[in-house]
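For the numbers below, each heavy atom of this structure counts, side chains included, while hydrogens, waters and symmetry mates do not. Proteins get letters first, then strands, A, B, ... in listed order; numbering begins at 1 in each.
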2 protein chains.
Amino acid sequence: MPGQRLDDIDRKILSELQDDGRMTNVELASRVGISAPPCLRRVRALEEQGYIRGYHADVDPRTLGFEVQVFAMVGLAKQSEADLSAFEARCRDWSLVRECHMLNGEVDFILKCVSPDLRTFQTFLTEQLTAAPNVASVKTSLVIRQAKDAPGVPFDVLEERLARQA
Amino acid sequence: MPGQRLDDIDRKILSELQDDGRMTNVELASRVGISAPPCLRRVRALEEQGYIRGYHADVDPRTLGFEVQVFAMVGLAKQSEADLSAFEARCRDWSLVRECHMLNGEVDFILKCVSPDLRTFQTFLTEQLTAAPNVASVKTSLVIRQAKDAPGVPFDVLEERLARQA
DNA sequence: GTTGAAAAATTCAAATT
DNA sequence: AATTTGAATTTTTCAAC
């Protein structure tokens, strides 16, 4: 599925679109140094090959009234594949849970949650998350402030790496 | 700065653009039930008022060769505002660190990191992060798999809340 | 990958409710 | 005050080269 390897122009396209996903194709083409039609063909190919999963407006939770962000560390009682999958499916159904990552080490999952207020989160925590089948332990940490929130992938690391290989 | 309150159409616009940030304005207008010009004015207003911070292509780290994702819990030796700010500034400079959140509780910060491979991450961990001034403890957890990665904000929670208030 | 042209979208000003 | 209409400009997206 990941097609053939990317060249410099493809990586520049990805980097530019990660930075500004609403850039017009002519602007993008000019930035990567080719004309518009092949640029658009490349973008479509990158989408089809799965390099670009989609485009999203970056909506500010705080401005919209989501005052509370929480990381929750979850441990399960049993960790068979069926148990893990069942918990992941629940997470996908919970709107307050925005991200769910399975981890190695002491804790089984880390969840990133948002909530309009503490009360809403507490209700979710006690009535949904902690009450869910097979959930053995939940430890939560409130986000005091966000110091960095960069999208996706560091293209500079990729470039360094390719330069080293060449 | 957050201007006046949002109406149903504004929230629908935000929800649609969070879902598909490259949707054309005419498509967006048709979905929210107004014509294109006022729809574009509303989008511009939402951008200027800070509800929309930007637009980003969602680039898949794995497909691009970033095989490793890690959460790092960092504790500092001293937590004065100057100490906290200094560490946050370092995080902004580290490309491998994509997110940095200050937390309450035992640990001071949680970092979300990506890396092309374990070796690159180990080098970063030992030579940069653990070696940084004032860093007292670092505990890392590898992401085994990602079960959910929803963008931004759950608009259904917002709607429920408004319905309850009305 | 480039050029050129048709179709579509953006974006503005004026008119409308 | 905000939306619709209508029109000029720009962009998208085909061809064919």
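Rounded to a whole Å, the CG atom of B/Leu40 is 18 Å from the P atom of D/dT9. With rounding to whole Å, B/Ile9 atom CD1 is found 12 Å from D/dA2 atom P.
Nucleotides of DNA chain C lying under 4.0 Å from heavy atoms of chain B occupy a range whose first and last members, 5' to 3', are C/dA9 to C/dC12.
OP1 or OP2 of D/dC14 has not a single side-chain nitrogen or oxygen of A/Arg41 nearer than 4.0 Å.
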Bracket string, DNA chain D, 5' to 3' - pairs by Watson-Crick or G-U geometry under 3.5 Å, | interstrand: ||||||||||||||||.

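A salt bridge links B/Glu16 to B/Lys12: one of the charged nitrogens lies within less than 4.0 Å of a carboxylate oxygen. A/Glu99 and B/Lys112 are joined by a salt bridge, as a carboxylate oxygen and a charged side-chain nitrogen come within less than 4.0 angstrom of each other. In this structure, B/Arg11 pairs ionically with B/Asp8, as a charged nitrogen and a carboxylate oxygen lie closer than 4.0 Å.
Going from atom SG of B/Cys113 over to atom CZ of B/Phe121 covers 4.5 Å, rounded to the nearest 0.5 Å.
The aromatic rings of B/Phe109 and B/Phe87 lie tilted to each other, with the angle between the two planes from 30° to 60°.
A donor-acceptor pair under 3.5 Å links the side-chain atoms of B/Arg22 to the main chain of A/Gly21, judged by distance alone.
Using a 4.5 Å cut-off on side-chain heavy atoms (C-beta onward), A/Leu111 and A/Leu129 make contact.
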Test log, rule side chain to side chain contact (heavy atoms under 4.5 Å, CB included), inputs B/Ile34 and B/Arg42: CA-CA 11 Å; B/Ile34 58 178; B/Arg42 280 167 180 267; 3.9 Å; yes

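For B/Glu81, the CD atom counts as densely surrounded, since its 6.0 Å shell holds more than 12 non-hydrogen atoms of other residues, nucleotides or ligands.
Contact check of residues 13-34 of chain A against DNA chain D (heavy atom, cut-off under 4.0 Å) returns A/Thr24, A/Asn25, A/Val26.
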